[in-house]
Every structure is written in structure tokens, then in C-alpha cells.
Asks: 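Can you keep this structure in mind? I'll have questions shortly.
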There are 2 protein chains.
Amino acid sequence: MFTKVLVAEDYEIANQGIVKVLNDEVKIYNIHEAQYCDDAYLKFRKAHQEEEPFELLITDLSFKENHKVQTRTSGIELIQDIRKIQPDINVIVYSQESRPDKINMLFQKLNINGYVCKGQHAIKELVHCIQGVYKGNIVLPPEVKDANQDNIINLDDFDIMLLEELALGFTKKEIVQKLKKQKISPNSESTIDKRVSKLFDDFKAKNTTHLVAIVKDLGLL
Amino acid sequence: MFTKVLVAEDYEIANQGIVKVLNDEVKIYNIHEAQYCDDAYLKFRKAHQEEEPFELLITDLSFKENHKVQTRTSGIELIQDIRKIQPDINVIVYSQESRPDKINMLFQKLNINGYVCKGQHAIKELVHCIQGVYKGNIVLPPEVKDANQDNIINLDDFDIMLLEELALGFTKKEIVQKLKKQKISPNSESTIDKRVSKLFDDFKAKNTTHLVAIVKDLGLL
DNA sequence: AAAGTCCTTACAGATTTCCGTAATCGAGGG
DNA sequence: CCCTCGATTACGGAAATCTGTAAGGACTTT
């Protein structure tokens with residue numbers, strides 16, 4: 001089993017809960033805690049420099065900013081930064097987020113090893129996840145397994161970029177100009193039209209405003 | 001101090017944490033727990049019928065739906081339903097939500113007595129909140145106190161309704177028709193235009209799509 | 001009573017959206 | 001080689017958005 005673990009979670013009650021679960025259920029005792037993203041990063045770098053690296057990172061996604069100045073505001077950045085130092089580190093994300101698209105994004109873009117959803121069965125799922133990751137598996141939460149069958153709309157980077165620009169209030173003409181300036185193709189207004197129309201169909205949206213509202217609700221932006 | 005308390009919180013680790021805090025810090029021992037909204041409601045009604053009512057409800061806002069069928073999905077409905085039975089019950093909401101507008105809404109629309117934000121200092125804040133509510137005070141979280149000074153954009157129900165309709169993809173003409181059908185005034189297209197333009201100014205939005213995106217991000221919808 | 005303010009409403013024009021049709025181009029299969 | 005398919009692009013027109021100006025009513029202030 002893993003011997004040295006870092007838990008990054010700003011919510012102190014949950015932080016204690018995780019430690020307790022690791023102790024009682026998984027028999028891991030060398031556990032370091034961090035309530036701030038920056039703190040987690042520093043602890044990680046120190047351990048790596050001293051050649052006693054962590055084997056597993058369990059982290060939340062969102063960290064509240066408060067009096068202390070934080071350069072990393074989200075667990076995503078933390079994971080990216082830590083992976084730069086130690087690419088093979090095992091990462092389990094432990095977060096409130098339950099939207100399948102967003103969770104899938106974590107697996108695809110960050111190559112995390114496991115995900116546990118804060119919720120009613122967090123203890124059981126966390127134990128199962130740690131054991132699975134230790135065996136080298138990718139452990140999806142039940143929420144995603146269920147949803148993964150159908151209902152997946154394949155959005156490429158261009159679609160996402162379009163949605164982001166639209167959500168920022170840019171007109172299609174402005175987007176076209178940006179694309180031409182950056183020499184990204186396709187970059188004609190009519191293609192943008194077509195693409196967005198396809199998104200209307202995909203998400204059953206009536207117009208651009210509706211589309212952005214839907215996508216925001218789904219957590220894709 | 002309060003003697004009989006109901007804790008409604010689906011996240012089991014947090015649930016245990018609250019009980020522990022109430023025991024250790026506030027010396028409350030008659031604590032009943034509920035992991036489901038419906039469960040909380042039934043326990044409450046039973047206690048009230050047996051004339052041993054709860055004095056305080058501590059509840060989360062969001063409850064995950066799962067295998068069990070839940071008629072109440074949110075803590076808001078739970079509070080409303082419980083208030084119908086026992087209007088003077090003290091209610092403390094204990095939730096992830098940190099956006100001032102949303103928290104303010106809870107105080108204004110539901111007349112809750114206190115709010116504690118899940119976070120780094122949840123224990124201290126929870127204790128402080130319970131003690132304040134026991135003295136008959138309304139206890140705002142620090143997040144809201146800080147933000148309440150400036151930065152508040154006053155949205156009336158009409159504005160919210162407009163934003164909701166726009167986010168649902170209705171055109172202004174459709175909204176006008178709805179309003180006329182429901183005999184709600186104002187209901188002219190030009191007033192709708194003016195109102196939305198004012199919202200543009202308030203939120204520094206470039207167009208309707210941008211506006212809805214901003215408002216979604218702020219959590220007002 | 002007069003002046004000022006705020007909200008509602010009407011109207012008009014420039015711009016943008018939305019949704020057709022149609023032409024072009026490149027990749028791949030028969 | 002030709003044909004098809006999908007993606008890109010061009011173009012056009014009805015509808016909707018956005019932004020002005022202006023006028024009327026309710027209310028307050030002086």
C-alpha cells in the first residue's frame with residue numbers, strides 16, 4: 001500500500017475525516033496535510049528534493065482564497081505544477097463536483113488516477129479508489145460510469161473556444177477577426193455560424209444566449 | 001443553550017464533524033441526524049407531533065439525489081416545509097455556497113437565523129453562529145459582511161425573471177407575450193429593452209449572451 | 001403650481017443573429 | 001479516375017438585438 005500521502009483540502013472538517021479514513025480503513029499513517037494550495041506545493045517540492053517523495057496526492061479542486069495570498073487558486077493548477085516536478089505521481093481528486101463532463105475532463109486533460117465525489121458514500125468510495133489506484137487502475141466514480149454510456153456530446157477544442165468567446169460577449173465577426181489575426185482556421189463567419197448551429201442542435205438550444213446558459217449549467221465553461 | 005437539534009447533511013464525514021463540534025464545543029448532546037431531506041422532514045414532523053419539538057435545524061442546501069427517491073431535493077424546500085409546521089424554528093444553513101447574493105437571498109426570502117460557510121474556519125464560525133442565534137441574533141458569515149458594503153447590485157424580482165427567461169432562450173418578444181398573457185406590467189418591448197440595457201451597465205456586459213454568462217458565473221441563476 | 005426625477009412606452013435605424021441555399025475543396029473508397 | 005462525403009466558405013434575407021431619441025404619466029420637491 002502507499003506509505004506517504006499528501007492530503008490537500010481546505011475544509012478542515014473534511015481534512016480530518018480523510019486522515020481518519022486513511023488511518024482506520026487503509027492503514028496509511030504517514031499522512032501530511034495542507035489547507036492551502038501553495039502550502040501543498042511547497043511540501044511536495046521539499047519532499048521531492050529530499051528524495052523522500054510522496055506517492056499519492058489526494059486533493060480538492062477548489063480552495064477558498066482568504067487573508068493569505070495564494071498563487072494557486074485551484075487544485076487543477078496544483079496538479080499541473082506538481083506533475084511538472086514528479087510526472088508519475090498518483091493523483092486522486094476529491095471534490096464536490098459531480099458533473100460527468102467536468103470529471104471526464106480531469107481524466108482526459110490531467111490524467112488523474114482516480115476521482116471521489118464528496119457525498120454520502122465518500123468513505124467507501126475513497127477506500128475503494130485508493131486501493132484501485134494502488135493496483136495501477138484508473139478509478140472512475142459511479143456517477144461518471146453511469147453517465148458515460150450515452151449523452152456524451154463530443155466537443156473539440158474549437159467548439160470550446162467558440163463557446164468561451166461567445167460567453168465573453170464577442171460577436172461572431174469579432175471572433176472571425178481574432179481567428180484571422182491568430183491564423184487559426186477555420187475562420188470564416190459562415191463556418192462559425194455552422195458550428196454554432198450544430199451546437200444548438202447538440203444542446204437543444206434556441207439561440208446563443210440559451211446555449212451559453214446550458215453549457216454553463218453543465219459546467220463545461 | 002439549545003437542547004434538541006436536528007442536523008440535516010448528506011455528506012457523512014461532515015455530518016459526523018458537526019455532531020462532534022456540537023458535543024465538544026457547545027455542549028449539546030441531544031442531536032438527531034438526517035442524511036436525506038425527506039428523512040429530516042419526517043423526523044421533524046414526528047418530534048413536533050409528539051410535542052418534543054426541535055429547537056434548531058442545522059441544514060445543508062444541496063442534497064445529492066441517489067437510489068432513494070427524494071421529494072425534497074434542496075435544503076430550501078426543507079426549510080420552507082418545516083417552517084409551515086413550526087414557524088418559529090431556528091434555522092442555520094451550513095453550506096458550500098459562498099456567494100454573497102445567494103446567501104443574502106436566504107436571509108431575505110427564508111428568514112434563516114444564521115449561515116455558516118463550509119470552509120477552513122467552519123468550526124469556529126459554527127460555534128459562534130449557534131451562540132449568536134441562541135441569543136436571538138441574525139448571524140451573517142464574514143464573507144457576506146465584507147461584501148455587503150459595496151458591490152451590491154440591487155436586482156428586483158422583475159430583473160431576475162428577465163434574466164431567467166433570457167437564459168432559457170426566449171426572445172424579448174416572447175417574454176412580452178408571456179407578460180401580457182399574465183397581465184404583469186411593465187410589458188412593453190421597449191421597457192424590456194431598457195431594463196436589459198441597465199443590466200448590461202450594472203454587470204458590464206456587452207450583450208445578452210455575455211450578461212447571462214456573467215450572471216450564471218455569479219450564481220444568481 | 002412648477003420643476004425635476006423616475007419609469008414606462010413608442011418608434012427608428014444600424015448591427016447582429018439565425019437559417020436557408022449553393023459553390024468549393026480535400027480525403028478516401030470503389 | 002471518378003464519385004461521395006464532410007468541412008469550409010460565400011451569399012442573402014427575415015428576424016432579433018442593441019442603441020438612440022422622444023413623449024407621457026406618476027411622484028416628489030420646492
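Convention: sequence-line order gives letters A, B, ...; per-chain numbering from 1.
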Asks: Check whether A:Asn187 reaches the backbone of A:Leu179 with its side chain - one donor and one acceptor, N or O, closer than 3.5 Å.
Replies: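 Checked: no pair found.
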Asks: Using a 4.0 Å heavy-atom cut-off, does B:Asn187 contact any base of the nucleic acid, only the sugar-phosphate backbone, or nothing at all?
Replies: sugar-phosphate
Asks: How many whole angstroms separate atom NZ of B:Lys183 from atom P of C:dT8?
Replies: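 The answer, rounded to whole Å, is 19 Å.
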Asks: Please give, in whole Å, the distance from C:dT8 P to B:Leu162 CG?
Replies: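 Interatomic distance, CG of B:Leu162 to P of C:dT8: 11 Å.
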Asks: Rounded to whole Å, how long is the line connecting atom NZ of A:Lys180 with atom C1' of D:dA10?
Replies: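 A:Lys180 atom NZ is separated from D:dA10 atom C1' by 11 Å.
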Asks: Return the orientation label for the B:Phe54 and B:Phe44 ring planes: parallel under 30°, perpendicular over 60°, tilted otherwise.
Replies: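 B:Phe54 vs B:Phe44 ring planes: parallel.
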Asks: Taking side-chain contact (heavy atoms from CB on, under 4.5 Å) as the criterion, tell me which of A:Ile130, A:Val133, A:Leu57 meets it with A:Asn90.
Replies: A:Val133
Asks: How many whole angstroms separate atom CG of A:Leu199 from atom P of D:dA7?
Replies: 13 Å
Asks: Could you tell me whether the side chain of B:Arg83 and the main chain of B:Leu110 form a donor-acceptor pair under 3.5 Å?
Replies: yes
Asks: Dump the pairs, protein N or O against N or O of nucleotides 17-22 of chain C, anything under 3.5 Å, distances to one decimal.
Replies:
from   : atom 1 : to       : atom 2 : distance (Å)
C:dT17 : OP2    : A:Lys172 : N      : 3.4
C:dC18 : OP1    : A:Thr208 : N      : 2.9
C:dC18 : OP1    : A:Thr208 : OG1    : 3.4
C:dC18 : OP2    : A:Lys172 : NZ     : 3.4
C:dC18 : OP2    : A:Thr208 : OG1    : 2.3
C:dC19 : N4     : A:Asp193 : OD2    : 3.1
C:dT21 : O4     : A:Lys194 : NZ     : 3.1

Asks: May I ask you to verify if any side-chain N or O of B:Arg195 is less than 4.0 angstrom from the OP1 or OP2 atom of C:dT8?
Replies: yes
Asks: Less than 3.5 Å apart, any donor N or O on the side chain of B:Thr209 or A:Thr209 sitting next to an acceptor on the other?
Replies: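 Looking only at side-chain atoms, A:Thr209 and B:Thr209 do form a donor-acceptor pair, the distance falling under 3.5 Å.
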Asks: Take the protein atom CD1 of A:Ile192 and the nucleotide atom C1' of D:dA7, then report the distance between them rounded to whole Å.
Replies: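 After rounding, the gap between these two atoms is 13 Å.
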Asks: Report yes if a side-chain nitrogen or oxygen of A:Thr191 is closer than 4.0 Å to either non-bridging phosphate oxygen (OP1 or OP2) of D:dT8; otherwise report no.
Replies: no
Asks: Working note: A:Tyr134 + A:Phe2, criterion ring pair (Phe, Tyr, Trp, His ring centres under 6.0 Å); need CA distance, chi angles, decisive distance, verdict.
Replies: CA-CA 7 Å; A:Tyr134 184 68; A:Phe2 296 114; 5.0 Å; yes
Asks: Report the distance from atom CG of B:Leu211 to atom P of C:dT16, rounded to the nearest whole Å.
Replies: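 Distance check: B:Leu211 CG to C:dT16 P gives 18 Å.
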Asks: In this structure, how many angstroms lie between the P atom of D:dG6 and the NZ atom of A:Lys198, rounded?
Replies: 12 Å
